[in-house]
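Order of the sequence lines sets the chain letters (A, B, ...), proteins ahead of strands, with each chain counted from 1.
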Number of protein chains: 2
Amino acid sequence: MLTISQLAAYAGVTVRAVRHYHQIGLLPEADRDASGYRRYGAKAVVSLIKIRILANAGVPLAQIGQMLQADAATFAEAVQRIDSRLHDEIERHETSRKQIAQLAAGDSLALPPEVISYLDLLREIGVGERMVEAERDGWILVVAAWPEDIPAVMAAKSAQLDDPQLVRLYRILSEIIENDDTGDDDPRLAQAADIMAGLAEQAYTSGEINPDEVSHDELPIDLLDALAVESDPRAERLLDLMRERGWAGWHRMERLAEPPD
Amino acid sequence: MLTISQLAAYAGVTVRAVRHYHQIGLLPEADRDASGYRRYGAKAVVSLIKIRILANAGVPLAQIGQMLQADAATFAEAVQRIDSRLHDEIERHETSRKQIAQLAAGDSLALPPEVISYLDLLREIGVGERMVEAERDGWILVVAAWPEDIPAVMAAKSAQLDDPQLVRLYRILSEIIENDDTGDDDPRLAQAADIMAGLAEQAYTSGEINPDEVSHDELPIDLLDALAVESDPRAERLLDLMRERGWAGWHRMERLAEPPD
DNA sequence: TGCAGGGTTGACGCAGCGTCAGGGTCAAGT
DNA sequence: ACTTGACCCTGACGCTGCGTCAACCCTGCA
């Protein structure tokens, strides 16, 4: 008669596994000797080896019992199920691998290449790293909300950088953000507001701002505004300055009915 | 401000996941409104999306926090680790798939083809299904104990089936096993013992039984004997009859010093 | 006012064991 | 007889990433 560790060794499993199989009823409890030790015969070794083979093949323990008693057809069917389950698992892991490969490659966090290039463009025109990171966070929101629109959106955005006014705006904003010790009275805030108002006016008259266009959900855009304010409270001041100039919103501008004065 | 379900929807995760991330400290707990509801800003959405991206890429939650703060080098190193972990997982699943493919193909339980053929040989010479299964269980033990010796062992075993005496022995044993209502006095037990003694004598004189040979561990062979006895108690009687004829053991014979009479 | 559809915490469940903790037992050496 | 080291026992928590109740509170609408 064998002790549990001998049994386990012959079958190539751990003692703990044997006890676990007892517990879940997969391997019948063995008789005990005078001192309460489990004692096993040769049949137990065979059973345990069968269990190990199926378990190694990826069969869930809960199914092994039935499979060992099933007829050939049922057995084959079960094998089919296991196999497709393993197949799915493999595919899931492989897509995961592709995703982490992207993580390792890109600027960071698997943003699409169009966005990465845009961020690089910003760096090239002299935008500081803090602001680039803030931009990136914004684009993370956009990508999550409308992933399929990214190529078109990014093409338009990149083209806009040809406008020297926009470049100036970015640089000014960058300077503000990079100095986190200036307050709401930083004169550059007014400069930025002036440029933004000018650009908005221009876009509006050329028809690029269409008040009836509700192509996308509103909320993500509000989120973008909120993100700016949360990231730097001076954004709130900037919004005020814009309102003074007759514009509401930030990431989607709206002309106010009557510019207050 | 967003509720938890809005936050979850924007980030593409479940509410339960968000709460879980709070619990493990991955996502900082949000401020509560007057009625105790969590309220989230845009930054939380960004954080949660980042978490989701890493989690989908197979990064363990426990590491995501560090990765989001790590510098590029540390990040890349972590990515490396994750990737090789995923790689291992995939390989493990693929070997599992190969194994279940074997399970589906073979006689059963992934025995090597040599054993399968041997069992088929037994069927061909008229051995009944019960006995074939008993044989199979025995071979499961042998395969588990000495997997690399199987081709040689099976070749020898198959060759021995050319001996008409051995074939007779198998048939007699099969008849005994197939009738489970005969007792210890079945005359076929004596017949079988006679043949076995003759075969043993023959093997001994031709030098096939070498008393000094201890090529393998003893215990698995004892297990084979024990398995026979456990499977059919009449095996015990057969061992007695063999001892009367001057032989001890079953799967490895030993000549007794003095045949008792 | 009632109801549907949010929100809250707390807890168990899942798969397959690993790994203590806190005992008793066995075999061998001194 | 005693110690020592190697095993045995049961019971219980831990791991991973949430899903899924339960039992209760809050809010907005008809």
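To the nearest angstrom, C1' of C:dA15 lies 13 Å from CZ of B:R92. The nearest whole Å value for the distance from the CG atom in A:L2 to the P atom in C:dC26 is 17 Å. Taking atom CD1 of residue B:I64 and atom C1' of nucleotide D:dT16, one finds them 12 Å apart after rounding to whole Å. Between B:I4 atom CD1 and D:dT27 atom P the separation is 16 Å, expressed in whole Å. Counting to the nearest Å, the P atom of C:dG16 and the CD atom of B:E89 are 14 Å from each other. Between B:Q63 atom CD and D:dC15 atom P there is a gap of 15 Å when expressed in whole angstrom units. Atom CG of A:L48 and atom P of C:dC17 are 11 Å apart (whole Å). A:Q6 places its CD atom 11 Å from the P atom of C:dA27, with the value rounded to the nearest Å.
Less than 4.0 Å separates DNA chain C from at least one heavy atom of each of the following residues of residues 12-25 of chain B: B:R16, B:R19.
Comparing B:D33 and B:V59 against DNA chain D, the residue whose closest nucleotide sits nearer the 5' end is B:V59. With DNA chain C read from its 5' end, the first of the two nearest nucleotides for B:R38 and A:Y37 is the one closest to B:R38.
A side-chain donor from one of A:D71 and A:T74 sits under 3.5 Å from a side-chain acceptor of the other.
No engagement by B:R39 is indicated, since no non-hydrogen atom pair under 4.0 Å with the nucleic acid exists.
In terms of phosphate contacts, B:S35 brings no side-chain nitrogen or oxygen within less than 4.0 Å of OP1 or OP2 of D:dC25. Remark: B:R52 is not in phosphate contact with D:dG17, judged by side-chain N or O atoms under 4.0 Å from OP1 or OP2. Residue A:T3 places at least one side-chain N or O under 4.0 Å from the OP1 or OP2 atom of D:dC8.
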Less than 3.5 Å apart, which donor and acceptor atoms pair up between the side chains of residues 36-45 of chain A and the rest of the protein, not counting sequence neighbours?
unit_1: A:R38; atom_1: NE; unit_2: A:E29; atom_2: OE1; d: 3.1
unit_1: A:R38; atom_1: NH2; unit_2: A:E29; atom_2: OE2; d: 3.4
unit_1: A:R39; atom_1: NE; unit_2: A:D33; atom_2: OD2; d: 3.0
unit_1: A:R39; atom_1: NH2; unit_2: A:D33; atom_2: OD2; d: 3.2
unit_1: A:Y40; atom_1: OH; unit_2: A:H22; atom_2: NE2; d: 2.6

Under 3.5 Å, side-chain donor or acceptor atoms of residues 57-70 of chain B against the rest of the protein: list the pairs with distances, not counting sequence neighbours.
unit_1: B:Q63; atom_1: OE1; unit_2: B:R81; atom_2: NH2; d: 3.4
unit_1: B:Q66; atom_1: NE2; unit_2: B:A62; atom_2: O; d: 3.4

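Within the model, atoms CD of A:Q99 and CD1 of B:I82 stand 13.0 Å from one another, a figure rounded to the nearest 0.5 Å. With values rounded to the nearest 0.5 angstrom, A:D225 atom CG is found 8.0 Å from A:I221 atom CD1. From B:D137, atom CG reaches atom CG of B:L111 across 9.0 Å, with rounding to the nearest 0.5 Å.
The A:S5 side chain lies nearest to D:dC8 when the options are D:dC9, D:dC8, C:dT8. When the nucleotides D:dG17, C:dT8, D:dC7 are ranked by their closest atom to the side chain of B:L61, D:dG17 comes out on top.
A:Y10 is not listed as a side-chain neighbour of B:L141, based on a closest heavy-atom distance of 4.5 Å or more.
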